[in-house]
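Below: one structure, written as structure tokens.
Chain letters run A, B, ... following the sequence lines, proteins first, then strands; residues in each count from 1.
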Amino acid sequence: MSTEGLNETPATPETAPSNFIRDIIIQDNKTGKHGGRVHTRFPPEPNGYLHIGHAKSICLNFGLAKEFGGKCNLRFDDTNPSKEETEYVDSIINDVRWLGFDWEDRLFYASDYFEQLYQWAIQLIKQGQAYVCDLTAEQVRETRGTTTEPGTESPYRNRSVEVNLDLFQRMRAGDFPDGSRTLRSKIDMASPNFNMRDPVMYRILRAEHHRTGNDWLIYPMYDYTHGECDSIEGITHSICTLEFEDHRPLYDWYVESLGIHRPQQIEFDRLNLTNTMLSKRKLLLLVQKGYVSGWDDPRMPTLSGIRRRGYTPEALRAFCGSIGVSKTNGTIEFPLLEHHIREDLNARAARVMAVVDPIKVIIDNYPDGQTEELEAANHPDKPEMGMRKVPFSKVLYIERDDFREVPPPKYYRLFPGQEVRLRYAYFIKCVSVVKDSNGEVTEVHCTYDPASRGGNSPDGRKVKSTIHWVSAEHALTFEARLYESLLLEDAPQSDDIATQLNPTSLVVKANAKIEPSVKGAAPNTHFQFERVGYFNVDLDSTDEKLVCNRTVQLKDTWAKIAKK
RNA sequence: UGGGAGAUCGUUCAACGGUAGGACAGCAGACUCUGACUCUGCUUAUCGGGGUUCGAAUCCCUGUCUCCCAGCCA
């Protein structure tokens, strides 16, 4: 045991907190398995936008490479042109970069290797390990067998090498219609692993590819492609998610049959998060059906959505580092993500006063028409972030929730007879209220103590509460977009997305008020609206109209007390 | 049902035959010009049953439960 941290051992690969993949790499480096090299890759298919689940994989792959002085490639797995688009390629490049990772000059595409893959397919045909099959998709399915029964061999399985070579060449040349033939691996129709029952390597598909256009009429399947791409790039550790465990024997079969460099496939559990969905298919549905405004809707778990919401790459990286890597298949609680964004923003975001749901306060004994400027700190713990001036006058707005005509137990904000502090300003005491015909309070009348200017009374008098405010005359009106989780707390497990959506996932406050100092703030500037939450300036903001997104609420002890 | 993988506080990750620990969440308190932050303390776990061992979360056997697989998707 260490002696009270006297000679603290520096963190080494052996002593730092680890995970099973890191352990494998450490072990491999010890045995010299890959010559001490660490080369990983992040291989998305460009068929949608990246989400937080991908962030876990990105941080893992790039993080491991960085830690061990290795490299990590960005490679697009673009073997199915019917689903892939340049729009997705661009967004993925942008998102990985935003997350803070650099693939240097190693941006690759599976489609870069189409010709090589084709040549290797010919090699497998020549080795008697691949054949052209004329069965239809339906027939292939019917002959695949079941969990308990072996499949039956294709009648085309034993064609001669010459015939196979000719047919395969003609598949490429366009002699046959889509779906009429495939190139299959000759492995084992009786294997308990379905992936080994003569898997399809190539299909005939007349679809325009986002990079190769109409050059190809046949496209390689994932299983045939992935290991070889890894091999070409010299990947040492090919990290993927759990559902590919069953594919590993096939991955190995291809690189071994071809006699090329064999990377090691390692599977880990994909990220699951409560209160949101991380399936590309469902996210696409949300976009298509208009439940959200787009892939970058701030409620979306996509990197572009979460970025617009105000999450930072630093927070996301910290989150990914904290969730660990295993094969357990668990679900992370959303509050852990919120914890990390609060932690990051608490350290960096400038404080500002904004009233999201305003109610008018009139200081009866404050001179009409008078304005003064009060000093406010931009950050309570960071004097280097400076001070700013906040205008004060007779008519103010405070948060509606900060006033109660009849205070509940333990409520110590403003109510008739109660004295509170206006942050950085004065002590005020509520003396009366004005109501409209519905009995709703429209004005709260107070008196202030001029001696308490700046926020403290010379007589040492204490107040229980400090509330935030803006001057009605000086405040900017802005639109506050208040977000909650996309899905209901106890969302029913079903494919019907509509029934799972949280109806209050977005609440727009069009008449929110904010101190004038924020005027002109650039999009994506982060603020803490004191006592309310962390917000950032939305892309929709213009010079005339400020729009802010609530990134995350501040922790709210009062809300818990009030609930009891 | 055949194959593959997994099971440790509420959640998640660690402990790699030698004191079950951290983070988040929760609870209680201190501090506070943010009911924020910070700080202090507390609650709670080795899936069941056998074995091996001086000693088992860890090794062995057995049972149970959960996840993945029968695309010409990735």
Checklist line | From B:U12, B:C13, B:U34, nucleotide with atom closest to A:I332 side chain | finding: B:U12
Checklist line | Paired nucleotide for B:U46 [Watson-Crick or G-U wobble; both distances under 3.5 Å] | finding: none
Note to self: For a quick test of reading the model: is some side-chain N or O of A:T557 closer than 4.0 Å to OP1 or OP2 of B:A36?
What the structure shows: yes
Margin query: So that I can tick it off, tell me whether A:D198 and A:R157 are bridged by a salt bridge, with the cut-off set at under 4.0 angstrom between side-chain N and carboxylate O.
Written below: yes
Check: Is B:G71 in the syn range, within 90° of 0, or in the anti range?
Finding: syn
Item checked: SB check A:E45 A:K280 (cutoff 4.0 Å) -> no
Note to self: Between P on B:U11 and CG on A:L337, what's the gap in Å once rounded to a whole number?
What the structure shows: 19 Å
Checklist line | Under the salt bridge (charged side-chain N to carboxylate O under 4.0 Å, His left out) test, residues paired with A:R317 that sit two or more places apart | finding: none
Check: A:N19 CG to B:U12 P: how many Å, rounded?
Finding: 17 Å
Notebook entry, point to check: In whole angstrom, what separates A:H339's NE2 from B:C13's P?
Noted result: 17 Å
Next item on the list: Let me know the distance between CG of A:N275 and P of B:G10, rounded to the nearest Å.
Entry: 20 Å
Next item on the list: Please confirm whether any donor atom in the side chain of A:E333 sits under 3.5 Å from an acceptor in the base of B:U12, or the reverse.
Entry: no
Next item on the list: Output yes when at least one side-chain N/O atom of A:S191 is less than 4.0 Å from OP1 or OP2 of B:G3, else no.
Entry: no
Next item on the list: Return the nearest nucleotide to the side chain of A:K560; candidates are B:G35, B:G26, B:G4.
Entry: B:G26
Checklist line | Pairing partner (Watson-Crick or G-U wobble, both distances under 3.5 angstrom) of B:U64 | finding: B:A7
Margin query: Side chain of A:T148, heavy atoms from C-beta onward: which of B:U34, B:C73, B:U1 has the nearest atom to it?
Written below: B:U1
Next item on the list: Select base, sugar-phosphate, or nothing to describe what A:E267 touches, counting heavy atoms under 4.0 Å on all strands.
Entry: nothing
Notebook entry, point to check: If you measure from the C1' atom in B:G50 to the same atom in B:G4, how many Å do you get, rounded?
Noted result: 27 Å
Notebook entry, point to check: In whole angstroms, how far is the P atom of B:G4 from the CD atom of A:Q265?
Noted result: 16 Å
Margin query: Counting the atoms with a prime plus P, OP1 and OP2 as sugar-phosphate, which does A:P249 contact under 4.0 Å by heavy atoms, base, sugar-phosphate, or nothing?
Written below: nothing
Next item on the list: Go through B:A5, B:A36, B:A14 for me and flag the one nearest to the A:S326 side chain.
Entry: B:A14
Check: More than 12 heavy atoms of other residues, nucleotides or ligands under 6.0 Å from NZ of A:K327: is that the case?
Finding: yes
Detail all sub-3.5 Å separations between protein N/O atoms and N/O atoms belonging to nucleotides 67-72 of chain B.
| from | atom 1 | to | atom 2 | distance (Å) |
| --- | --- | --- | --- | --- |
| B:C67 | O2' | A:N329 | ND2 | 3.0 |
| B:A70 | O2' | A:R144 | NE | 3.0 |
| B:G71 | OP2 | A:R144 | NH2 | 3.3 |
| B:C72 | OP1 | A:R144 | NH2 | 3.2 |
| B:C72 | OP2 | A:R144 | NH1 | 3.3 |
| B:C72 | N3 | A:G179 | O | 3.1 |
| B:C72 | N4 | A:L135 | O | 2.7 |
| B:C72 | N4 | A:A137 | N | 3.0 |
| B:C72 | N4 | A:G179 | O | 3.0 |

Notebook entry, point to check: Base, sugar-phosphate alone, or nothing: which one does A:V532 contact when heavy atoms must sit under 4.0 Å apart?
Noted result: nothing
Check: If every non-hydrogen atom of A:P220 is compared with every non-hydrogen atom of A:T79, which pair is closest and at what distance?
Finding: O-CB, 3.3 Å
Next item on the list: Determine the Euclidean distance between corresponding P atoms of B:A5 and B:C61; express it in Å to zero decimal places.
Entry: 15 Å
Notebook entry, point to check: Taking NZ, NE, NH1 and NH2 as the nitrogens, is one of them in A:K464 or A:E419 under 4.0 Å from a carboxylate oxygen of the other?
Noted result: no
Margin query: Considering every strand and a 4.0 Å limit on heavy-atom distances, what is the contact class for A:R413: base, sugar-phosphate, or nothing?
Written below: base
Next item on the list: Would you check if A:L278 and A:R270 make a side-chain contact, meaning some heavy-atom pair closer than 4.5 Å?
Entry: no
Margin query: Is the phosphate of B:U11 approached by A:T331 (side-chain N or O, under 4.0 Å from OP1 or OP2)?
Written below: no
Next item on the list: Could you tell me which nucleotide pairs with B:C27 by Watson-Crick or G-U wobble geometry, both distances under 3.5 Å, or answer none if nothing does?
Entry: B:G41
Next item on the list: With RNA chain B as reference, determine whether A:K462 or A:L554 sits nearer its 5' end, using the nearest nucleotide of each.
Entry: A:K462
Notebook entry, point to check: Touch check for A:Y411, heavy atoms < 4.0 angstrom, all strands: base, sugar-phosphate only, or nothing?
Noted result: base
Item checked: For atom OH of A:Y534 and atom P of B:U34, their distance in whole Å -> 13 Å
Check: Rounded to the Å, how far apart are A:F319 CZ and B:U11 P?
Finding: 16 Å
Check: Any idea how A:F76 and A:Y109 line up, ring-wise: parallel (<30°), tilted (30 to 60°), or perpendicular (>60°)?
Finding: parallel
Checklist line | Euclidean distance, atom CG of residue A:N346 to atom P of B:G35 [Å, nearest integer] | finding: 14 Å
Check: Is A:S457 reaching over with its side chain to a backbone N or O of A:S452, donor-acceptor style, under 3.5 angstrom?
Finding: no
Notebook entry, point to check: Looking across every strand, which nucleic acid part, if any, lies under 4.0 Å from A:E45 by heavy atom: base, sugar-phosphate, or nothing?
Noted result: sugar-phosphate
Check: Within the structure, does a side-chain N or O atom of A:K555 lie under 4.0 Å from either OP1 or OP2 of B:A25?
Finding: yes
Notebook entry, point to check: If you check every side-chain atom of A:T328, which of B:U34, B:G2, B:U8 has the closest atom?
Noted result: B:U8
Notebook entry, point to check: With both distances kept under 3.5 Å, what pairs with B:G71, Watson-Crick or G-U wobble?
Noted result: none
Notebook entry, point to check: Is the distance between the ring centroids of A:Y251 and A:F244 under 6.0 Å?
Noted result: no
